[in-house]
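A short worksheet on the structure shown next.
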Amino acid sequence: MPAISSNKPYRVGRSRTGLGLFATKPIKKGAKIVRYFGPLLDSKKKKDDAIENKYLFELNGRWTIDGSVRKNIARYINHACKPNAESDVKPRKRKVVIRAIKNIEPGEEINYDYGTDYFKAYLKPIGCKCAACEKKRKKQRAEARAEKLRLKAKAERKALRKAEKQAAKAAKKQKLNGKTNGAMANGNLLNGHGGKSAASRMISAKSGISVKGRGKPRGESRASA
């Protein structure tokens with residue numbers, strides 16, 4: 001790591017994305033933090049235009065700063081979708097300064113938005129790891145877990161209702177079978193087995209003869225007297 005003067009309000013340290021720049025003193029909103037510098041590349045020169053690395057800072061259509069040199073402390077500042085600093089670009093002076101856009105407390109990581117082109121080329125393929133995106137992913141994971149639990153609970157309730165319905169149906173069927181068996185045991189549904197048949201009751205009604213006993217009909221006994 002490059003040596004940094006103790007009077008500077010920052011230090012290089014470990015962050016979630018590797019190395020980062022952290023405040024060591026309070027930095028007020030609007031204050032200059034560090035300059036982004038390095039060799040100037042001229043896009044009209046083939047050898048300059050052929051240089052490729054992730055520390056290139058484009059000033060305009062022609063001039064680009066190659067910030068890959070180790071003395072460029074600003075190269076350690078990481079991207080953030082919700083940053084606490086910004087790049088103040090001065091194309092005519094061919095100069096870039098990183099300024100605070102809010103108050104930064106000691107220990108906070110300094111970051112700024114790298115821009116849409118850099119994001120699409122380098123960050124989107126691997127996923128942005130800034131605090132805002134990590135928080136968003138954490139929220140999405142929590143929502144996914146909650147939805148999974150909700151669907152699981154819904155399936156369990158549905159299975160319980162189905163089981164209760166089947167149990168009620170089985171109990172009703174058992175009750176009906178019990179009534180039928182009881183009626184058959186009392187002889188109410190049997191002909192000639194423990195009860196009078198419908199035909200016997202009809203004949204008795206028409207002839208006036210009772211078939212209750214096995215003796216002689218009552219009419220014959222009165223005639224003989």
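All values reported here derive from a predicted model rather than from experimental measurement.
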> Should I98 and Y55 be counted in the same cluster of Ile, Leu, Val, Met, Phe, Trp and Tyr side chains packed under 4.5 Å apart?
Replying inline: yes
> Do the ring planes of Y114 and H79 sit parallel (below 30°), tilted (30 to 60°) or perpendicular (above 60°)?
Replying inline: perpendicular
>> To the closest 0.5 Å, what do you measure between CG (N177) and NZ (K175)?
In response: 12.5 Å
>> Check for me, please, whether V96 and Y112 land in the same ILVMFWY cluster - side-chain distances under 4.5 Å, paths through other members count.
In response: yes
> Between S43 and G61, which heavy-atom pair has the shortest distance, and what is it?
Replying inline: OG-O, 3.2 Å
>> If I compare all heavy atoms of N53 with all of L56, which pair ends up nearest, and what's the gap?
In response: OD1-N, 3.3 Å
>> Counting C-beta onward and ignoring hydrogens, is there a side-chain heavy-atom pair between F22 and S15 closer than 4.5 Å?
In response: yes
> For K82 and N111, which heavy atoms make the closest approach, and how far apart are they?
Replying inline: O-OD1, 4.3 Å
>> Are F119 and T116 packed together at the side-chain level, in the sense that at least one heavy-atom pair is separated by less than 4.5 angstrom?
In response: no
> Rounded to the nearest 0.5 Å, how far does CD1 of I33 lie from NZ of K8?
Replying inline: 12.0 Å
> Mind checking whether I77 and V12 sit in one hydrophobic cluster, side chains of I, L, V, M, F, W, Y counted as touching below 4.5 Å?
Replying inline: yes
>> Check this for me, if you would: do E147 and R150 make a salt bridge, where the nitrogen-to-carboxylate-oxygen distance has to be below 4.0 angstrom?
In response: yes
>> For D117, I'd like to know if atom CG has over 12 heavy atoms of other residues, nucleotides or ligands within 6.0 Å.
In response: no
> Do any N or O atoms from the side chain of N72 and from the backbone of Y36 form a donor-acceptor pair under 3.5 angstrom?
Replying inline: no
> Got a second to check how far I101's CD1 is from E86's CD, nearest 0.5 Å?
Replying inline: 5.5 Å
> Can you tell if the side chain of D42 reaches within under 4.5 Å of the side chain of R62, non-hydrogen atoms only?
Replying inline: yes
>> Could you report the tightest heavy-atom contact between K28 and N103, atom names first, then the distance?
In response: CA-OD1, 3.5 Å
>> When you group the ILVMFWY residues by side-chain heavy-atom contacts below 4.5 Å and let the links chain together, are I4 and L19 in the same group?
In response: yes
> Looking at CD1 of I104 and NZ of K29, how far apart are the two atoms once the value is rounded to the nearest 0.5 Å?
Replying inline: 11.5 Å
> Looking only at heavy atoms, what is the nearest atom pair of A74 and R35, with distance?
Replying inline: CB-O, 3.6 Å
> What about F57 and L40, same hydrophobic cluster or not, with Ile/Leu/Val/Met/Phe/Trp/Tyr joined at side-chain heavy-atom distances under 4.5 Å?
Replying inline: yes
> Would you say the side-chain atoms of N84 pair up with the backbone N or O of E109, donor to acceptor, closer than 3.5 Å?
Replying inline: yes
> How long is the gap from NZ on K44 to CG on L41, to the nearest 0.5 Å?
Replying inline: 15.0 Å
> Counting only heavy atoms not in E143, do more than 12 sit closer than 6.0 Å to its CD atom?
Replying inline: yes
> Would a 4.5 Å heavy-atom cut-off, applied to side chains only, mark P39 and V69 as touching?
Replying inline: yes
>> As an exercise, state the distance from NZ of K95 to CG of L59, rounded to the nearest 0.5 Å.
In response: 12.0 Å
> Do you know the tightest heavy-atom contact between P9 and I27?
Replying inline: O-CD1, 3.8 Å
